[in-house]
Each structure stands twice: as C-alpha cells, then as structure tokens.
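Note that the coordinates shown come from a computational prediction; the quantities given were computed from them, not determined experimentally. Residues: numbered from 1 along the sequence shown.
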Amino acid sequence: MEQTEQQYVTIKEFATLANVTTQAVYKRLNQTDSALNKYIQYNGKMKLISKEALELFADAPVNQQNQTADGSDGVYEDLSIQAQTNLFSSYFDATLKVLSDQITSKDQQIKELMESSSSQSQKMQEQLVAKDKQLQEQLSAKDKQIAELQRLIDQQQQLHRAEQEQFRLITAGANEKKGFFKRLFHKKDNETSV
C-alpha cells in the first residue's frame, strides 16, 4: 500500500515531474483515446496518476534521466529553470515597460483631450455670453423703439383730441354766430315790421 501511494501522485505533482503544466496533463487526460487514462486512480474525489505515465511524455525527465553521472539530481534542470526564469523575467520586464509606456501615452492623450474639450467648452461659453450680450442690446434697443413709438402715438392722440376740440369749438361758435345774426336780423325784421 505504501508503495502504491508513492507510485501515484496528484496531477500537480505529476505535471512538475513531467516538466509540463497541469493544464497540459488534463488536456491529455481529456482526450478520448488517451493512453494516460489507464494510469489514473481515484482516492475519494482526488484524481491520482501513476509515475509510470511519465514515459508517455517525450520531454519528461524520468527519475533515471534526472540523475547525472555522479548521481546528483537536477543540476542541469536547475540551470535550465534558472535560464528560463531569467528569460521570463526579462520578457516580463520588457512587457511591463511597453505597457507602462502605453499607459503613459494614453494618459497624455486623455490629458490633451480634456484640455481640448475644456478650451472648446470655454470658447463656446464665451460665444454664448457674447451672443447673450448682443441679444440683450438688441432687446434694449427694441424696448427704446417701442417706448418712442408709444410716446409718438400718445402725442398724435393728444393732437387729434385737440383738433377735435377745436373743430367742436369752431362748429359750436359758428352755430352761435348764426344764432346771433339770425336773432339780430330777426329782431330787425321784427322792428321794421312793427
């Protein structure tokens, strides 16, 4: 039983031994005709895989392949991992620099757009203020014109009333003169007839 447990490992441990990712192991397991399926054993809900399946991975370092001539394990593998780590580190540093430069560029673009938007907004506001001032001046001029027209209409109405009053007075005076002459001549007529 002890030996069986040592021969079976978790998928993660198997992936480390095979020098592949766990996703690569699961991908191979999920293939319908996968030869790995016969090396699978379940311990409750945990899926275990036999170390014997390492032979199915072409680039997997099996325990015998890991040993060097003097019997030390993983010296070359450690160098390879260190080289890969350095390579990934330089790749990620370069990627971070590119992304950082892009972010800086985008920040600059956003700043320029905001400044442009702000200046356009300010120009529009100035134009609206100027247009409002112009409309206020036009409205004030129209108010003055209306007031002047109202004054002229009032004067015209006063003149018209004055003319009507004069006409009434003239007409009334003419009627009185007729009456006076008529009376005067009527009296003369009366006096001569008497």
Side-chain angles (χ1 to χ4, degrees), residues 1-140:
M1 183 81 173
E2 187 83 22
Q3 186 178 8
T4 310
E5 286 181 11
Q6 287 181 350
Q7 288 189 358
Y8 283 92
V9 293
T10 64
I11 301 295
K12 185 176 181 179
E13 292 170 338
F14 182 82
T16 304
L17 290 172
N19 199 22
V20 294
T21 62
T22 54
Q23 289 85 358
V25 176
Y26 278 114
K27 185 176 181 180
R28 293 265 303 264
L29 283 172
N30 290 333
Q31 293 174 350
T32 54
D33 59 345
S34 177
L36 283 178
N37 288 331
K38 65 181 179 180
Y39 294 102
I40 296 296
Q41 177 181 352
Y42 290 92
N43 185 5
K45 290 186 177 182
M46 186 181 293
K47 192 182 277 191
L48 300 175
I49 188 166
S50 174
K51 288 182 182 180
E52 295 174 7
L54 288 171
E55 297 171 1
L56 298 176
F57 286 85
D59 58 343
V62 184
N63 285 345
Q64 292 83 14
Q65 295 171 348
N66 277 348
Q67 294 181 350
T68 57
D70 62 353
S72 62
D73 286 339
V75 173
Y76 295 113
E77 185 177 318
D78 287 342
L79 290 175
S80 173
I81 290 173
Q82 184 64 36
Q84 288 177 357
T85 303
N86 290 341
L87 179 65
F88 285 133
S89 177
S90 63
Y91 171 75
F92 287 129
D93 288 344
T95 303
L96 284 174
K97 183 176 180 348
V98 168
L99 291 175
S100 177
D101 290 346
Q102 287 178 352
I103 289 172
T104 303
S105 172
K106 296 297 180 193
D107 286 346
Q108 183 64 30
Q109 289 175 356
I110 289 170
K111 182 180 176 184
E112 289 172 0
L113 285 172
M114 288 179 72
E115 288 174 355
S116 172
S117 174
S118 175
S119 67
Q120 286 178 354
S121 175
Q122 187 176 4
K123 285 178 185 177
M124 287 178 65
Q125 190 173 12
E126 289 172 357
Q127 288 174 350
L128 286 174
V129 167
K131 191 72 166 175
D132 185 48
K133 185 177 178 182
Q134 183 182 12
L135 288 174
Q136 289 293 338
E137 289 172 355
Q138 288 176 354
L139 187 60
S140 177

Take atom CD in Q138; do more than 12 heavy atoms of anything else shown fall under 6.0 Å from it?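 Atom CD in Q138 is crowded, with more than 12 foreign heavy atoms closer than 6.0 Å.
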Any donor-acceptor N/O pair, S118 side chain to M114 backbone, under 3.5 Å: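 Answer holds: no.
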So, the side chain of S121 versus the backbone of S117: is there a donor-acceptor pair under 3.5 Å, distance only?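 No.
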For the residue pair [X] and [Y], what are the closest heavy atoms and their distance?
| X | Y | value |
| --- | --- | --- |
| V9 | E13 | CB-OE1, 3.3 Å |
| Y39 | Y8 | O-CE2, 3.3 Å |
| T22 | K12 | CG2-CA, 3.6 Å |

Nearest 0.5 Å please: distance from the [atom1] atom of [X] over to the [atom2] atom of [Y].
| X | Y | atom1 | atom2 | answer |
| --- | --- | --- | --- | --- |
| I11 | M46 | CD1 | CE | 10.5 Å |
| I40 | L48 | CD1 | CG | 8.0 Å |
| L139 | L135 | CG | CG | 8.5 Å |
| Q120 | L113 | CD | CG | 9.5 Å |
| I49 | N37 | CD1 | CG | 8.5 Å |
| E112 | Q109 | CD | CD | 7.0 Å |

Output yes when K97 and D101 qualify as a salt bridge under the 4.0 Å nitrogen-oxygen rule, no when they do not.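 Looking at D101 together with K97, the answer is yes, because their closest N to O distance falls below 4.0 Å.
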In the structure I gave you, are the side-chain heavy atoms of Y42 and K47 within less than 4.5 Å of one another anywhere?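 They are in contact (side-chain heavy atoms under 4.5 Å apart), so the answer is yes.
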Side-chain touch V20/F14, heavy atoms, less than 4.5 angstrom: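 They are not in contact (no side-chain heavy atoms under 4.5 Å apart), so the answer is no.
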